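The structure presented is a predicted model; accordingly, all values stated were derived computationally and were not measured. Numbers for residues simply follow the sequence, beginning at 1.
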Amino acid sequence: MTGDRPGGGAGPLGAGGCAALDVDALLDDPRTRIVVCCGSGGVGKTTTAAALGLRAAERGRRVVVITVDPARRLAQSMGLGELDNTPRPVPLPDSAGGTLHAMMLDMKRTFDEVVREHADPERARQILANPFYRTLSTGFSGTQEYMAMERLGQLSQSGEWDLIVVDTPPSRSALDFLDAPKRLGRFLDSGLLRFLSPPATGAFRLLGAGFNVVGSVVGRIVGTQFLNDLRSFVSAFDSVFGGFQERAQRTYRLLRTPGTAFVVVAAPEPDAMREASHLIVRLAADSLPLAGLVVNRTHPLPSGAAARLGAEEASAAADSLAEAGAHPLAATALRLHAERVRTHEREERLRARTLAAHPGVRVVGVPAGPEDVHDLDGLRGIGGALARPARRAEETAGDERTGEP
């Protein structure tokens, strides 16, 4: 699944002997038109998406980043006061070879735009004013994921950008982005909604008086007004539902093309890595192109002699110094080093276990920073960390070919 993708297949090795994800090769390849960052919540997807977008723009691409993160810090890190449903230009240095726009998904506004596009003005007015529609467009499970797919399709069709970077919604399960459009479609096309349609137009119109009896019973349970709102919604929405289904299927096909690359984002924690593993399996099952795995907030060991000092040795040395009452700062530094080594070893075991289950998947680790990213320089740092393993491997290979130390 990774062999024909930029950044996939055979190539330089990263930490632990695994193949390094070549982020620059992925972003520089003009065939890469969509990069989807997916993973469980709280693993740094939004920051990763923004960093990838910035790096691609400064390497010559015309990029738009679509995020669903309502936090203001992303807008602030890009030098913008706010983000909304309209792509806004991000100010870049004159030396940047490309352009960068960013937007934050407005779920209801996107839903409203689709309704207006597929319905005549009067029917669209009826749908938008319906209380059931207002609930569906703002709070129904799966609507946000569906609208993220819808907005992706709109951006792709516009032709204004040659690279779209998608930060998927912060769902409880990372698979919701792939499942929600189908789930929402099944709900809108369900037998229950068809049954609750007005008898004159619904699938059960031949039941006549029998429908009215059942409808009155349902009305007593859920409320007559709710039932009337639901019936009105189904009747008005029926003519535009086919357009929703068609667009969702078209966007889903777009996600399976060679021009799309999925980047699974995780943190070196059991739940996040387990979710990443599930995602990798699902992407393969659906023939969705995986570029690689990004593991954020890692704790690599320092280079040099300190890296060869194990946790047990460092702890023993710290205890000896403490017992002797000598060099308290040195003892503290040794204990901190021992904890760092243990953390690093634990993270390496998690990563090795995940990659053993998915051989051939490229991976890159991004070291944990002292603070959250809050400006473009911080995003550049993340982008550089994403690209560094592949660059370092290439530099090492070049040194070996030339015989330089």
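- Side chains of Val264 and Val294 form no contact here, defined as non-hydrogen atoms less than 4.5 Å apart.
- Minimum heavy-atom separation, Ala75 to Leu83: CB-CG, 3.8 Å.
- Taking both residues in full, the closest heavy atoms of Ala56 and Leu27 are given as N-CD1, 4.0 Å, listed atom of the first, atom of the second, then distance.
- Looking only at side-chain heavy atoms (C-beta outward), Val115 and Tyr133 come within less than 4.5 Å of each other.
- In this structure a side-chain-to-backbone donor-acceptor pair under 3.5 Å is missing from Thr260 to Ile34.
- For the atom pair CD (Glu269) and CG (Asn296), the distance works out to 10.5 Å, reported to the nearest 0.5 Å.
- Annotation: side chain of Glu313 is not in contact with side chain of Leu334 (no heavy-atom distance under 4.5 Å).
- Residues Thr32 and Leu163 approach most closely at O-CD1, 3.6 Å, considering heavy atoms.
- Across all non-hydrogen atoms, the minimal contact from Cys37 to Leu52 is SG-CD1, 3.8 Å.
- Considering only heavy atoms from C-beta on, Pro300 comes within 4.5 Å of Arg340 through its side chain.
- The residues Arg256 and Asp286 are annotated as not salt-bridged, no charged nitrogen and carboxylate oxygen being separated by less than 4.0 angstrom.
- Side-chain atoms of Ser315 and Arg342, non-hydrogen and from C-beta on, do get closer than 4.5 Å to each other.
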Exercise for the section: Run the numbers on Asp112 and Arg109 for salt bridge (Lys or Arg N to Asp or Glu O under 4.0 Å), then give the verdict. Expected result: CA-CA 5 Å; Asp112 291 351; Arg109 182 175 164 186; over 6 Å; no
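- A search for side chain to side chain donor-acceptor pair (under 3.5 Å) contacts involving Thr110 returns Asn85, not counting sequence neighbours.
- A donor-acceptor pair under 3.5 Å links the side-chain atoms of Thr354 to the main chain of Leu350, judged by distance alone.
- A side-chain hydrogen bond (donor to acceptor under 3.5 Å, both in side chains) with Ser277 holds for exactly one of Arg282, His358, Arg353; it is His358.
- A heavy-atom distance below 4.5 Å is found between the side chains of Leu54 and Glu58.
- Between Lys45 and Thr168, the closest side-chain pair of non-hydrogen atoms falls below 4.5 Å.
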Donor-acceptor contacts, no H, no angles, side chain residues 91-105, under 3.5 Å, sequence neighbours left out:
residue: His101; atom: ND1; partner: Trp161; partner atom: NE1; Å: 3.4

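- Ala291 approaches Val263 most closely through the heavy-atom pair CB-CG2, 4.3 Å.
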Problem - Candidate pair Ile164 and Ser156, rule side chain to side chain contact (heavy atoms under 4.5 Å, CB included), full reasoning - result: CA-CA 8 Å; Ile164 303 169; Ser156 178; 4.1 Å; yes
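- Arg61 is linked by a salt bridge (Lys or Arg N to Asp or Glu O under 4.0 Å) to Asp162, counting only residues two or more places apart in sequence or in another chain.
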Practice task
Tell me, with the steps shown, if Val295 and Leu293 meet side chain to side chain contact (heavy atoms under 4.5 Å, CB included).
Solution key: CA-CA 6 Å; Val295 184; Leu293 171 67; 4.0 Å; yes
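- Between the Arg351 side chain and the Pro268 main chain, no donor and acceptor come within less than 3.5 Å of each other.
- Residues Gln154 and Arg151 bring a donor and an acceptor atom of their side chains to less than 3.5 Å of each other.
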Exercise for the section: Could you check Arg116 against Glu113 for salt bridge (Lys or Arg N to Asp or Glu O under 4.0 Å), going step by step and ending with a plain yes or no? Expected result: CA-CA 5 Å; Arg116 291 191 181 98; Glu113 290 174 355; over 6 Å; no
Practice task
Given side chain to side chain contact (heavy atoms under 4.5 Å, CB included), test Leu152 with Leu255 step by step and report yes or no.
Solution key: CA-CA 10 Å; Leu152 169 60; Leu255 294 177; 3.6 Å; yes
Problem - Chi angles and distances behind the side chain to side chain contact (heavy atoms under 4.5 Å, CB included) call for Thr47, Ile382 - result: CA-CA 8 Å; Thr47 301; Ile382 297 296; 4.2 Å; yes
